Amino acid sequence: MKISLFKIGIILSVIGAIWTSAIFIEGEKISEEFTLESQQSHKIQLYFEGVGIGYYKILMPEFLKYEIFAQVLDENKNIISEKNIKTKMSVSYFDFENSGKYTINVVNTLEHPIDIQIELGDTRVEEMIYSGIMTFAGGIMIVCLSFVKLRNYKIEHPDENIT
């Protein structure tokens, strides 16, 4: 069985994507599910180490055009990120530059309670460099070799004067 560069590109891309997702899944994270009453807030805290990129995911399973306010605070209560969320699911990222506890504060600004699921975590992006390079290299190989194959592809046309 002959292994072509195209197949090697596909294998590199798949291995890189699996490696990246494994790093992301193993990252430090916390999640909670709760009902947020009218005009109330809820906080979740997680300790982040070093410098990196954190994320939060907010899901409202029974979404009926709700709007909530989310705010990420560092250990000194400085605002890192804030956002009005108007969709069923929202994922946002924020940079953290110091080790410490980071807090996400979610506020229900509506007149009725909302069921919410929140996940706060570290992306561990600094550990994804090699897997990202592998995925990128595989993707470039796939695109380049596909272009070469299509450029050399010839279509036979039937005779014009078929009687």
Side-chain angles (χ1 to χ4, degrees), residues 6 9-147:
F6 185 77
I10 290 174
I11 291 169
L12 283 176
S13 295
V14 169
I15 290 172
I18 291 170
W19 187 6
T20 301
S21 62
I23 290 170
F24 188 75
I25 288 171
E26 291 174 1
E28 188 73 29
K29 62 184 152 197
I30 185 172
S31 61
E32 287 187 19
E33 187 173 334
F34 54 90
T35 299
L36 193 58
E37 298 297 327
S38 174
Q39 306 300 319
Q40 296 294 312
S41 67
H42 186 80
K43 295 180 181 182
I44 296 177
Q45 291 186 332
L46 183 65
Y47 185 81
F48 289 92
E49 186 75 38
V51 176
I53 299 174
Y55 74 95
Y56 63 90
K57 178 174 77 171
I58 298 177
L59 174 68
M60 295 177 274
E62 298 172 12
F63 180 73
L64 296 171
K65 297 188 179 182
Y66 298 141
E67 181 176 341
I68 61 171
F69 181 71
Q71 195 174 50
V72 178
L73 308 167
D74 66 6
E75 203 164 46
N76 300 323
K77 304 297 182 207
N78 297 321
I79 298 172
I80 305 295
S81 168
E82 58 186 9
K83 184 177 180 181
N84 282 323
I85 298 171
K86 302 175 184 178
T87 58
K88 181 175 183 172
M89 186 174 90
S90 174
V91 178
S92 294
Y93 298 89
F94 60 92
D95 295 325
F96 60 91
E97 299 183 11
N98 301 315
S99 296
K101 280 191 175 182
Y102 285 76
T103 305
I104 181 166
N105 185 26
V106 180
V107 181
N108 180 1
T109 59
L110 300 175
E111 299 298 322
H112 47 81
I114 303 172
D115 293 328
I116 297 179
Q117 298 172 7
I118 298 179
E119 183 175 305
L120 175 64
D122 184 0
T123 60
R124 295 174 55 183
V125 72
E126 66 281 349
E127 297 176 26
M128 294 182 192
I129 292 172
Y130 298 116
S131 63
I133 291 170
M134 182 182 285
T135 305
F136 181 73
I140 292 296
M141 287 175 71
I142 292 169
V143 169
C144 291
L145 293 168
S146 296
F147 176 74

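The analysis underlying the following values was restricted to heavy atoms, covering all of them including side chains, and did not include hydrogens, waters or symmetry mates. All figures in this text were calculated on a predicted structure; none of them were measured in a lab.
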OG1 on T109 to CZ on F69, rounded to 0.5 Å:
9.5 Å

Does I85 reach the side chain of M60, with side-chain heavy atoms less than 4.5 Å apart?
yes

Short question: side chain of T123, backbone of I53 - any donor-acceptor pair under 3.5 Å?
yes

Please identify each residue that fulfils side chain to side chain donor-acceptor pair (under 3.5 Å) with E82, with sequence neighbours left out.
Q71

Test your reading of the model: is there a side-chain donor-acceptor pair from D74 to the backbone of N76, 3.5 Å cut-off?
yes

Looking only at non-hydrogen atoms, find the nearest pair between S38 and L110 and report the distance.
OG-O, 2.7 Å

In this structure, CD of E127 is separated from CD of E26 (nearest 0.5 Å) by 8.5 Å

For I68 against I116, the heavy-atom pair lying closest together
CD1-CD1, 3.9 Å

Side-chain contact test, heavy atoms from C-beta onward, threshold under 4.5 Å: evaluate it for Y56 versus V91 and give yes or no.
no

What closest approach, in Å, do I104 and I58 show between heavy atoms, and which atom pair accounts for it?
CD1-CD1, 4.2 Å

What's the spacing between S81 OG and D95 CG if we round to 0.5 Å?
9.5 Å

Mark yes when over 12 heavy atoms from residues, nucleotides or ligands other than E97 sit less than 6.0 Å from its CD; otherwise mark no.
no

Run the side chain to side chain donor-acceptor pair (under 3.5 Å) test against S90 and tell me which residues pass, sequence neighbours left out.
K83

Qualifying ring-ring contact (aromatic ring centres under 6.0 Å, His included) pairs, either residue in residues 26-55, two or more places apart
F24-Y55, F34-H42, F48-F94, F48-F96, F48-Y102

Got more than 12 heavy atoms from elsewhere within 6.0 Å of CZ, F136?
no

Would you please name every residue forming a salt bridge (charged side-chain N to carboxylate O under 4.0 Å, His left out) with E37, sequence neighbours left out?
none

With sequence neighbours excluded, residues passing side chain to side chain donor-acceptor pair (under 3.5 Å) with T20
S131

Residues in side chain to side chain contact (heavy atoms under 4.5 Å, CB included) contact with E33, at least two apart in sequence or another chain
Q117

Beyond-backbone contact of L73 with I79, side-chain heavy atoms, under 4.5 angstrom:
yes

Residue pair L12 / G138: nearest heavy atoms and the distance that separates them
CB-CA, 3.9 Å

Working to the nearest 0.5 Å, report the span between CD1 of I23 and CD1 of I18.
12.5 Å

Heavy atoms only: give me the nearest S13-G139 pair and the separation to one decimal.
OG-N, 3.2 Å

Heavy-atom neighbours of Q39 CD exceed 12 at 6.0 Å:
yes

Please round to the nearest 0.5 Å and tell me the distance separating atom NZ of K43 and atom OG1 of T103.
7.0 Å

Give, for atom CD1 of I114 and atom CD of E67, the distance between the pair rounded to the nearest 0.5 Å.
9.5 Å

